[in-house]
Amino acid sequence: MTTRRQRLVAENLTLLLPRVPYIDAEAIREAANARHMRDLSPASAVWLATLAYVRHQHTDYDELRDEGYGRDEARFFVVDAVNETLDRWGATRRLVSTEDETADEADQPS
């Protein structure tokens with residue numbers, strides 16, 4: 001039996017990432033339904049879970065951190081790799097770097 005929140009997370013995941021592979025979708029769905037995400041809207045939880053998952057599973061983020069780069073520096077260096085993965089999955093939004101944030105905020109769906 002699924003809860004209303006689980007259904008909303010699944011719907012938001014499908015809307016955000018229509019071509020995400022099943023194994024990746026399951027991991028993102030599980031993370032978005034985690035206890036620490038329950039105060040967020042389902043859409044926000046899916047977005048944040050997606051970014052964290054892609055960053056750790058599909059980029060060199062962890063290796064950069066192991067090499068001594070700070071969190072923000074490592075995140076900056078993997079923005080393009082995150083967006084490449086999001087593009088492959090048909091994402092309806094993209095990650096922007098802090099340099100692009102001001103210019104692209106108006107383009108981001110709410």
Side-chain angles (χ1 to χ4, degrees):
M1 172 180 259
T2 60
T3 66
R4 180 176 187 274
R5 170 130 181 127
Q6 289 169 328
R7 283 192 309 275
L8 290 172
V9 164
E11 289 171 11
N12 277 277
L13 181 59
T14 300
L15 291 172
L16 176 65
L17 304 168
R19 294 190 308 262
V20 63
Y22 180 79
I23 193 158
D24 297 306
E26 285 300 302
I28 294 167
R29 186 177 299 118
E30 183 178 329
N33 280 312
R35 180 176 301 275
H36 69 279
M37 296 282 216
R38 289 190 184 152
D39 290 336
L40 300 172
S41 70
S44 293
V46 167
W47 177 243
L48 293 176
T50 297
L51 292 180
Y53 179 78
V54 170
R55 184 182 307 120
H56 291 283
Q57 299 300 318
H58 294 277
T59 73
D60 295 331
Y61 176 80
D62 292 321
E63 290 83 3
L64 290 168
R65 292 299 312 267
D66 290 343
E67 290 174 11
Y69 286 93
R71 185 189 72 178
D72 292 337
E73 295 164 321
R75 286 181 178 189
F76 174 80
F77 287 120
V78 300
V79 166
D80 290 338
V82 168
N83 283 327
E84 287 172 15
T85 301
L86 293 174
D87 289 345
R88 275 196 318 274
W89 293 350
T92 56
R93 51 187 300 197
R94 300 184 90 221
L95 180 61
V96 294
S97 69
T98 53
E99 292 177 358
D100 299 334
E101 210 165 85
T102 307
D104 290 342
E105 275 182 336
D107 296 335
Q108 296 297 318
S110 40

Measure across Met37 and Ala45 and return the closest heavy-atom pair with its distance rounded to 0.1 Å.
CE-O, 3.8 Å
Separation between OG1 (Thr2) and CG (Asn33), nearest 0.5 Å, reads 10.0 Å
Identify the two heavy atoms, one from Ala91 and one from Pro18, that lie closest to each other, and give their separation to 0.1 Å.
N-CD, 4.5 Å
Determine whether more than 12 heavy atoms belonging to other residues, nucleotides or ligands lie under 6.0 Å from atom CD of Glu30.
no
Do you know the tightest heavy-atom contact between Ala32 and Ala49?
N-CB, 3.7 Å
I'd like to check the side-chain hydrogen bond (donor to acceptor under 3.5 Å, both in side chains) partners of Ser44; sequence neighbours left out, ordered by chain and number.
Ser41
Do Leu64 and Glu73 have side chains that approach each other closer than 4.5 Å (heavy atoms only, starting at C-beta)?
no
Non-neighbouring partners of Gln57 that pass side-chain contact (heavy atoms from CB on, under 4.5 Å), sequence neighbours left out:
Tyr53
For Leu15 against Thr92, the heavy-atom pair lying closest together:
O-CG2, 3.3 Å
Taking atom CG of Asp72 and atom CZ of Phe77, what is their separation to the nearest 0.5 Å?
11.5 Å
Would Arg55 and Asp62 pass as an ion pair if we require N to O under 4.0 Å?
no
Among residues two or more places apart or on two chains, list those pairs meeting side chain to side chain donor-acceptor pair (under 3.5 Å) that have a residue in residues 75-86.
Thr85-Arg88
Asp66 CG: over 12 foreign heavy atoms closer than 6.0 Å
yes
Are Leu16 and Leu8 joined in one hydrophobic group, where the rule is that I, L, V, M, F, W and Y side chains link up if heavy atoms are under 4.5 Å apart?
no
Distance-only, no hydrogens or angles: does the Arg29 side chain make a donor-acceptor pair with backbone N or O of Val46 under 3.5 Å?
no
For Leu17 and Leu86, what are the C-alpha separation, side-chain angles and deciding distance, and is it a side-chain contact (heavy atoms from CB on, under 4.5 Å)?
CA-CA 7 Å; Leu17 304 168; Leu86 293 174; 4.0 Å; yes
Taking side chain as C-beta onward, heavy atoms only, is Gln6 less than 4.5 Å from Thr3?
yes
When rounded to the nearest 0.5 angstrom, what distance separates CG in Asn12 from CZ in Arg7?
13.0 Å
Trace of the side-chain contact (heavy atoms from CB on, under 4.5 Å) decision for Val82 with Thr59
CA-CA 7 Å; Val82 168; Thr59 73; 3.8 Å; yes
Quick one: does Trp89's side chain get under 4.5 Å of Val54's, heavy atoms only?
yes
